[in-house]
Every structure is written in structure tokens, then in C-alpha cells.
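To start, the structure under review is shown below, and the notes come after it.
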Amino acid sequence: MGLFKYDYDKEGQGVGKDVAMDPGFIRFFKVIWNKFGQLVILNIIYIFACAPIVTIGPATAALTYVLRNMSQSKPVFFISDFVEKCKTCFKQAFLITVIDVLAAVAIYFSFMFWSDPSVGIPSFFRPFALVVTLIVAYILICMNFYIFPMLVSFDLSLKNLVKNSIILAMYKIWHNLAMVLFILAIVVICFLLGLLSFPIIFTLVFSVIFLFNNFLVYPLLVKYVALPTEAAEENNEEKVFDDNRRIK
């Protein structure tokens, strides 16, 4: 069987009812091993799908959806599902990207303003303002760890998507830190490799980052955002956010 071929008509062995799932980090590496060819294709498709710029948000939603299904061992036809999700999530995903860009621009100019010594601001206030600006920037980055998985998993309004992602970005400190460190590790590796990193970026980096993110945050979304009856199927913990939306 070829690297990129898969026989969808072949009947598998199935999973026993009482068979315990491996820990998330083990399943993460198993997916990379078993779906390596698909991850490469998805990474390439994602890069080309982002090329028109305005499609970055929808392409990110589509990639998130496919990799979420892979992370949860759910059935997925990765190319057709990618295209379909790109279409169905286009409006909200595009608006999320616009919000990201506007917020990033505001944070950049705020940082430049507060760090400019020529501006007549009391010296004791300047460090405080810069720290607040950096905290807001950190929360904005962490919001994006949750907002796209939430978008493709639940029927939520844009307002609730933003609200929930802000709460999770401030509340789940260790998950955020793990995601930030994982991304920084990949960035450092690519930097050290120099020009040799371009083939890796083109074929694997985005798929691996988004896959790791789904393994990290999707269980949290099931726990805190899903309806209690559905969340109980995967986790018996109590739901925090009252959005009353079902898992897609």
C-alpha cells in the first residue's frame, strides 16, 4: 500500500468497549506515525489555502477540524472535510482573523507608544503600562489556542467564541504554557536548521502544531463548553460555561 493511500472500504478490527485509551501524549505520536502522509498533505494544502490571505481564518478552521477528528480517532476524509469546513466556517473564521489583526495592531502601537521616551508619561507609570500591554498580547495569543477548536466543535455565536476563549486563556495557565513552549521549541529548531527548515515547514510544521493543540485543548472544551450530558460521556466533571451547544 502506498504512503498516501488508504482503503476506506476495508473493515477494521474495531475497539473494544472496555479498552482504555492511551494517554494523550502517546496517542499524539501514534497519530503522527500512522497518519504521517496525511499530515504532510494537509500541511501543504493549508499553506496554499492561506495564500490569498483572506482565507487564513477559514483554512485554519478547516485544518483544526480535520486534526481534531484525528486526535479523537473519529472518521475523517481529510481532503473533502478540509474543503467542506473551509466553506461552512468561512464567515466566522474570517471575522476571527479580522479581530486578531485589529487587536495585534492595537497592541503593537500601544507598546510603541508606552515605550517611547519622548512621550510625556511619568516614568513610574511606563513599566506598568508595558507589562499590561504584554499581558494583553499573551492573552490574545492564548485565545487562538481555543477559539478555532471551539468554532469547529460547537454551535456558538462569535460573541461566545471570543468570551469563552478569553476565559480559557486566563484560566488554563499550564495548558497555555505547554502550548507556548511547544511552539517555541519548533521555532528554535527551525531557526537552528536555517534554510534546511523550509522543507519541514512546508510539509509538517503547521499540521504538527495544530495536532498538538487539539490533543491539548479539545478535552477541556468537552469538559467546560459541551452540554453536561455529552461531556459526561468523556468526562464526569461539571461544565463551567453556560452556552448550551452540542458537539458537532
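Start at 1 with the first residue, then count along the sequence. The structure displayed is predicted, hence computed values, not measured ones.
In this structure, the side chains of Val31 and Phe215 come closer than 4.5 Å at one or more pairs of heavy atoms. Counting heavy atoms from C-beta outward, Met150 and Leu168 have side chains that approach closer than 4.5 Å.
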Which atom pairs, one a donor and one an acceptor, fall under 3.5 Å between side chains of residues 177-202 and the rest of the protein, sequence neighbours left out?
| unit_1 | atom_1 | unit_2 | atom_2 | d |
| --- | --- | --- | --- | --- |
| Ser197 | OG | Cys190 | O | 3.3 |
| Ser197 | OG | Gly194 | O | 2.6 |

- Item | Residue pair Asp81, Asn69: steps toward the side-chain hydrogen bond (donor to acceptor under 3.5 Å, both in side chains) verdict | CA-CA 10 Å; Asp81 285 351; Asn69 286 350; 4.7 Å; no
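Within the structure, ring-ring contact (aromatic ring centres under 6.0 Å, His included) contacts touching residues 84-109 (residues at least two apart or in different chains) do not occur.
Atom CG of Leu161 and atom CD1 of Ile147 lie 5.5 Å apart (nearest 0.5 Å).
Every residue two or more places apart in sequence or in another chain that forms a ring pair (Phe, Tyr, Trp, His ring centres under 6.0 Å) with Phe128 is listed here: Phe125. Applying the ring pair (Phe, Tyr, Trp, His ring centres under 6.0 Å) criterion to Tyr46, with sequence neighbours excluded, gives Phe206, Phe210. Shown here are the side-chain contact (heavy atoms from CB on, under 4.5 Å) partners of Leu220, two or more places apart in sequence or in another chain: Tyr146, Lys172, His175, Tyr224.
Side-chain contacts under 4.5 Å among hydrophobic residues (ILVMFWY), followed directly or transitively, place Trp33 with no other residue at all.
Remark: side-chain polar atoms of Thr55 are paired, donor with acceptor, to backbone N or O of Ala49 under 3.5 angstrom. Under the 3.5 Å distance criterion, the side-chain polar atoms of Asn43 are left unmatched by any main-chain donor or acceptor of Leu39. At least one donor-acceptor pair under 3.5 Å links the side chain of Arg27 to the backbone N or O of Ser71.
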